[in-house]
Amino acid sequence: MTTKQVKKEKLFIGGEWLEASEYTTLTSPYSGEALGEIPLAQLEEIDKAVREADNARETLRKLPAHERAAILEKMASLFEERTEEAARILALEAGKPFTTAKGEVARTVATYKFAAEEAKRIHGETIPLNAAPGGENRVAYTVREPIGVVAAITPFNFPLNLVAHKVGPAIAAGNPVVLKPASQTPLSAFFLAKIAEEAGLPKGALNVVTGKGSIIGDALVKHPLVKMVTFTGSPAVGIALRNKAGLKRTTLELGSNSALIVDKGVSTEKIISRCITGAFAYQGQVCISLQRIYVHEDLYDEFVEKFVDGTKKLNLGDPLDEKTDVSALISEGDVDRAKQWIQEAVSNGATLAAGGETTGNILHPTVLLNVANESKVSCQEVFAPIVLINKVSSIKEAIDYVNDSDYGLQAGIYTENVHTAFDAADQLHVGGVLINDIPTFRVDHMPYGGVKESGTGREGLKYAIEEMTEMKLVIFNRN
Ligand code: NAP
């Protein structure tokens with residue numbers, strides 16, 4: 001670790017940049033270098049942030065839709081102009097390979113643009129009350145009103161785009177936000193705050209508080225002025241938050257052990273590189289990372305050979321190098337955990353076909369074959385560059401394996417048979433089924449979310465706005 005002087009960051013509350021009483025040093029997961037001094041918000045500062053957000057409620061609510069849209073458009077274009085700078089922050093604090101980081105910035109731009117568009121089409125419907133006796137001569141319509149202060153708690157793995165999936169729809173709907181980013185990725189949240197300020201977002205509409213979730217999370221979630229909690233992160237934290245949120249609206253976007261089925265008759269040539277990307281992009285630290293692959297026995301040997309060959313060609317190294325495919329895991333603890341899980345799978349009878357070793361905090365992309373279902377790399381969320389490839393003798397067997405999981409975010413199937421495709425779409429118990437693609441596919445306006453322990457509620461701008469607004473009914477009596 002170097003001892004160079006790093007910038008002391010400030011909390012962003014009520015449109016002001018405020019010093020904190022305590023700080024912690026943020027370091028790079030790849031090099032260990034110090035990246036910044038990060039404020040540790042105290043309970044009073046959480047309370048202040050929520051109150052400032054609440055004070056901004058009326059201003060935001062009265063802002064016409066076209067003005068909210070214009071601010072979001074401006075934020076999108078500022079992100080676009082500063083793509084390199086934003087990607088560099090992601091590479092440094094999250095260890096995200098630079099090319100992948102630029103991809104995240106491009107998606108962040110798209111997310112704010114979609115939010116701007118959706119801001120202009122938040123509307124209700126008219127209800128024919130005269131369908132019921134006694135309802136004659138009445139005009140009824142619904143409107144969608146902003147819910148109020150939204151507390152957004154976000155994970156380390158997409159520090160710009162997953163924050164955009166909360167801040168974008170909240171602003172579009174006219175809600176102020178208190179954002180608590182992951183402790184490992186605060187710099188991208190401060191970068192966002194600067195962009196929001198420059199784009200003319202009213203004071204208090206976005207507040208950024210940093211500090212350990214386990215210490216300040218409760219105060220945020222239980223605050224009486226917070227009307228909604230939108231959380232993306234691990235199932236354990238999400239479930240605990242929901243239990244504390246009481247009647248507040250909650251959206252939980254949690255983890256998964258996403259799976260892909262490969263049917264016989266599929267061209268391996270066509271799909272291998274996409275499968276490798278799905279398994280190892282950003283070191284597998286993606287909620288819909290490809291973790292389990294079930295391949296029909298007719299194709300199994302060919303698939304494994306090509307997959308392992310391709311895996312061995314990935315470039316490992318510095319996230320700032322444009323050629324790097326796989327870099328460091330987010331923490332040393334995660335490297336140790338991943339290695340233990342690989343060991344456990346091997347002791348349960350799995351074959352290690354690639355990887356398994358480490359260079360610093362980089363775990364080499366790892367392929368395991370013939371993995372027992374009860375091994376952690378199969379039944380829990382691995383969140384590391386580890387994928388298993390198992391042989392199946394029928395698609396039904398594969399679907400049973402996919403569904404035999406506590407999670408259900410997205411699942412994919414490659415097949416040339418349209419009946420098999422429809423059957424899989426019917427039978428897979430997940431939030432999204434991908435036919436002829438990996439489960440890792442996502443664009444930002446599609447409805448996205450899971451079943452079972454993968455969460456509740458949907459993101460994707462239009463769907464998040466539904467969660468972030470309340471329906472009000474208005475009836476005119478013309479009798
Ligand atoms: P995490 O450890 O659950 O942390 C997520 C956020 O919760 C962080 O801001 C964290 O703050 C905060 N937090 C931790 N303990 C808290 C508490 N007791 N009360 C309130 N907040 C608390 O998750 P992560 O490791 O950052 O992210 C990885 C997880 O996110 C994986 O499970 C992944 O699948 C999931 N994820 C899901 C989606 C999706 O859309 N479904 C997308 C991306 C990621 P600190 O950092 O300060 O601890």
Side-chain angles (χ1 to χ4, degrees), residues 24 26 29 38-41 43 46 93-96 104 107 111 151-166 178-189 208-223 226 229-245 248 250-258 281-291 329-331 333-334 337 380-384 405-410 430-432 439-440 442 444 446-460 463-464:
T24 183
L26 175 72
I38 308 302
L40 291 171
L43 297 183
I46 299 297
E93 68 177 4
K96 185 164 284 194
E104 179 176 347
R107 281 186 56 192
T111 302
I153 303 179
T154 50
F156 75 83
N157 64 339
F158 286 86
L160 285 176
N161 196 35
L162 289 182
V163 168
H165 271 285
K166 302 188 184 308
V178 179
L179 168 64
K180 206 307 272 173
S183 289
Q184 184 56 44
T185 55
L187 299 180
S188 35
V208 178
V209 288
T210 46
K212 275 201 86 58
S214 51
I215 296 171
I216 55 177
D218 271 19
L220 193 53
V221 170
K222 289 185 180 163
H223 200 296
V226 167
V229 178
T230 170
F231 172 84
T232 301
S234 58
V237 175
I239 293 164
L241 284 186
R242 185 167 173 133
N243 289 336
K244 290 171 198 156
K248 293 178 170 69
T250 45
T251 295
L252 302 178
E253 301 289 344
L254 310 177
S256 187
N257 56 351
S258 299
Y282 188 38
Q283 293 85 264
Q285 298 169 125
V286 177
C287 48
I288 37 175
S289 190
L290 179 49
Q291 181 173 331
L329 279 174
I330 200 70
S331 72
D334 281 288
R337 175 187 57 82
Q380 297 195 20
E381 180 181 39
V382 76
F383 232 57
S405 166
D406 291 338
Y407 302 108
L409 199 44
Q410 297 201 137
V430 287
T440 325
R442 183 180 185 189
D444 293 285
M446 72 187 219
Y448 180 78
V451 297
K452 302 193 265 184
E453 287 192 18
S454 291
T456 57
R458 292 290 178 271
E459 291 193 331
Y463 309 94

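One-based numbering, in listed order, for ligands and for the atoms of each.
With hydrogens and angles ignored, the 3.5 Å screen pairs a side-chain donor or acceptor of Gln285 with a backbone N or O of Ile330. When atom types are taken as modelled, the side chain of Thr210 and the backbone of Pro39 share a donor-acceptor pair closer than 3.5 angstrom. Judged purely by atom type and a 3.5 angstrom limit, Gln410 has no side-chain atom pairing as donor or acceptor with the backbone of Val430.
Across all their heavy atoms, Gly255 and Leu409 have their closest contact at O-CD2, 4.3 Å. Minimum heavy-atom separation, Arg458 to Val451: NH2-CG1, 4.2 Å.
Taking a 4.0 Å cut-off on heavy atoms, Gly455 fails to register as neighbouring ligand 1. Assignment of Ala236 to the shell around ligand 1 is not supported, since no heavy atom sits closer than 4.0 Å.
Nearest protein heavy-atom contact of atom 1 (P) of ligand 1 is Ser234 OG, 3.6 Å. When hydrogens are left out, the protein atom nearest atom 48 (O) of ligand 1 is Gly213 N, 4.0 Å; that is the closest non-hydrogen contact. Scanning the protein for heavy atoms near atom 27 (O) of ligand 1, the closest one is Pro155 CB, 3.2 Å. Looking only at protein heavy atoms, the nearest one to atom 6 (C) of ligand 1 is Thr154 O, 3.4 Å. Nearest protein neighbour of atom 28 (C) of ligand 1, counting heavy atoms only, is Phe383 CE2, 3.5 Å. Atom 10 (C) of ligand 1 has as its closest protein heavy atom Lys180 NZ, 3.9 Å. Distance from atom 46 (O) of ligand 1 to its nearest protein heavy atom, with residue and atom name: Ser183 N, 2.8 Å. For atom 35 (C) of ligand 1, the closest heavy atom belonging to the protein is Gly233 O, 3.2 Å.
Contact annotation for Asn157 and ligand 1: only side-chain heavy atoms (C-beta onward) come within less than 4.0 Å of the ligand. With a 4.0 Å heavy-atom cut-off, ligand 1 is reached by no atom of Gln184. Contacts between Leu162 and ligand 1, counted as non-hydrogen atom pairs separated by less than 4.0 Å, involve the side chain only. Only the backbone of Leu254 comes within 4.0 Å of ligand 1, judged by heavy-atom distances. At a 4.0 Å heavy-atom cut-off, ligand 1 touches Val237 through the side chain alone. By the criterion of a heavy-atom distance under 4.0 Å, neither the backbone nor the side chain of Phe158 is placed next to ligand 1.
Remark: Glu104 engages Lys96 in a salt bridge (Lys or Arg N to Asp or Glu O under 4.0 Å) (not counting sequence neighbours). With sequence neighbours excluded, the residues satisfying salt bridge (Lys or Arg N to Asp or Glu O under 4.0 Å) with Arg107 are Asp444.
Protein heavy atoms are absent from the space less than 4.0 angstrom from atom 4 (O) of ligand 1.
Atoms OG1 and CG, from Thr232 and Leu162 in turn, are 5.5 Å apart once rounded to the nearest 0.5 Å.
At least one N or O atom of Glu381 sits closer than 3.5 Å to an N or O atom of ligand 1.
Residues Thr251 and Glu459 bring no donor and acceptor atom of their side chains to less than 3.5 Å of each other.
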